[in-house]
There are 2 protein chains.
Amino acid sequence: MVVDRQLTEAEFDRTFHALADMTRRDILGRAIRSDESVSALSRHYSMSLTAVQKHIAVLERAALVTKERRGRAQIVHANGPTIAKAIALLDQYEALWIDRANRIADVLATADEGEQP
Amino acid sequence: MVVDRQLTEAEFDRTFHALADMTRRDILGRAIRSDESVSALSRHYSMSLTAVQKHIAVLERAALVTKERRGRAQIVHANGPTIAKAIALLDQYEALWIDRANRIADVLATADEGEQP
DNA sequence: CTAACCTACAACCGTATGGTTGTAGATAGG
DNA sequence: CCTATCTACAACCATACGGTTGTAGGTTAG
């Protein structure tokens with residue numbers, strides 16, 4: 001099963017784009033805490049149902065969320081693994097940054113040694 | 001000093017929007033690994049200098065990057081703390097998700113106990 | 001001083017984004 | 001059956017985005 005592969009660059013594009021909107025982050029948060037239908041979710045916001053549907057579609061294309069039919073309602077579930085993969089990428093950047101900061105600190109420390117002969 | 005506060009929602013918008021583009025992620029990666037000027041960075045990409053300037057401006061508005069004048073060159077530095085704050089938000093989402101998954105597992109386990117009397 | 005270089009910014013263009021309204025198809029409930 | 005509910009989707013609109021070219025201002029090197 002190809003299930004735990006890294007996200008492609010295009011998938012990262014979609015994931016971060018989906019996260020770059022307050023309404024979508026809020027929808028994601030609600031989807032994580034409980035299972036609500038599309039229309040139930042839409043009632044939390046002062047915009048049309050269609051607008052919320054589109055936001056959910058963006059989250060869905062980013063694989064941050066999945067929909068499950070349950071009678072006439074469409075239940076929105078959060079998809080944890082995609083969040084984890086986004087974290088993994090940012091962790092790589094942070095690790096590089098910390099590594100660089102450490103190397104710079106080393107260079108400065110070594111330079112200091114030579115300055116008091 | 002108000003330095004380590006959380007990002008506002010609008011700042012998260014900018015941060016994730018900045019990360020939602022392959023070229024900008026690449027520029028951020030290069031800025032983390034080394035200090036390059038704007039024009040030096042632009043040489044890595046098959047687009048105009050102006051386009052790269054704009055990408056850097058987006059990263060700068062998101063506080064993922066800062067610029068430092070050095071003679072006639074403008075050096076682009078990565079800004080680690082902002083990356084860390086983005087990670088912190090995603091970690092919150094992931095923690096909620098794991099918590100929810102655990103609670104669901106508990107409910108299922110409890111239900112199983114009652115099924116073999 | 002002059003020429004080359006680095007950066008900044010305005011103006012423009014096609015396309016994507018985020019919103020709206022309106023129409024229509026399933027499904028559940030009384 | 002009939003009606004209210006939930007969802008889907010097309011069409012439209014204003015604005016933002018990602019790219020271009022062109023012009024202009026500092027700064028360094030020779």
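Owing to the predicted nature of the structure, the values given are computational and were not obtained by experimental measurement. In what follows, chains carry the letters A, B, and so on, assigned in the order in which the sequence lines appear, proteins first and then strands, with residues in each chain numbered from 1.
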Open item on the list: Can you confirm whether A:R30 sits close enough to A:H44 that some side-chain heavy atom of one is under 4.5 Å from a side-chain heavy atom of the other?
Closed with: yes
TODO: Determine: side-chain N/O of B:S48 to OP1/OP2 of D:dT20, distance under 4.0 Å, yes or no.
DONE: yes
Open item on the list: How many whole angstroms separate atom CD of A:E68 from atom C1' of D:dC6?
Closed with: 15 Å
- [ ] Measure from CD1 on A:I75 to P on C:dT27 and round the result to the nearest Å.
- [x] 15 Å
Open item on the list: If you compare all heavy atoms of B:Q74 against all heavy atoms of B:R69, which two are closest, and at what distance to 0.1 Å?
Closed with: OE1-N, 3.2 Å
Task: Atom pair distance, as rounded to whole Å: CG in B:L41 and P in C:dC5 - done: 18 Å
- [ ] Of all the heavy-atom pairs spanning B:A62 and B:R14, show the shortest one and how long it is.
- [x] CB-O, 3.5 Å
Open item on the list: Do B:R24 and B:L19 have side chains that approach each other closer than 4.5 Å (heavy atoms only, starting at C-beta)?
Closed with: no
Open item on the list: On the side chain of A:T50, is there an atom forming a donor-acceptor pair with the base of C:dT21 - under 3.5 Å, no angle test?
Closed with: yes
- [ ] State whether A:H17 places a side-chain N or O below 4.0 Å from either non-bridging phosphate oxygen (OP1 or OP2) of D:dG18.
- [x] no
- [ ] Inspect the contact between A:R5 and A:E11 and indicate whether a charged nitrogen and a carboxylate oxygen are less than 4.0 angstrom apart.
- [x] yes
Task: Presence of A:Q53 side-chain N/O under 4.0 Å of D:dA8 phosphate oxygens OP1/OP2 - done: yes
- [ ] Measure from the side-chain heavy atoms of A:H55 and tell me the nearest of D:dA8, D:dG18, C:dG18.
- [x] C:dG18
- [ ] Would you indicate which nucleotide in D:dA11, D:dG19, D:dC17 comes nearest to any side-chain atom of B:K54?
- [x] D:dG19
TODO: Select from A:G71 and A:L49 the residue whose nearest nucleotide in DNA chain C is closer to the 5' end of that strand.
DONE: A:L49
Task: A:Q74 CD - C:dA28 C1' separation (whole Å) - done: 16 Å
Open item on the list: Among C:dT7, D:dT27, D:dT7, which nucleotide has an atom closest to any side-chain atom of B:R72?
Closed with: D:dT27
TODO: Could you tell me whether B:R70 contacts a base, only the sugar-phosphate backbone, or nothing, with contacts defined as non-hydrogen atoms closer than 4.0 Å?
DONE: nothing
Open item on the list: Is the phosphate of C:dC6 approached by B:R43 (side-chain N or O, under 4.0 Å from OP1 or OP2)?
Closed with: yes
- [ ] Give the rounded distance in Å between these two atoms: CG of A:D21 and C1' of D:dC17.
- [x] 15 Å
Task: Shortest side-chain distance from B:R69, nucleotide among D:dG18, D:dT7, C:dT7 - done: C:dT7
Task: Touch class at under 4.0 angstrom, heavy-atom based, for B:A51 against every strand present - done: base
TODO: Specify the separation, in whole Å, of atom CG of B:D13 and atom C1' of C:dT17.
DONE: 13 Å
Open item on the list: Looking at D:dA8, I'd like to know if its phosphate oxygens (OP1 or OP2) sit under 4.0 Å from a side-chain N or O belonging to A:K67.
Closed with: yes
Task: Interatomic distance where CZ belongs to B:R24 and C1' belongs to D:dG18 [whole Å] - done: 8 Å
Open item on the list: What contact category does B:S39 fall into here, base, sugar-phosphate, or nothing, at under 4.0 angstrom with non-hydrogen atoms?
Closed with: sugar-phosphate
- [ ] In whole angstrom, give the distance that lies between atom CZ of B:F16 and atom C1' of C:dT17.
- [x] 19 Å
TODO: Decide if atom CE of A:M22 counts as having more than 12 heavy atoms of other residues, nucleotides or ligands within a radius under 6.0 Å.
DONE: no
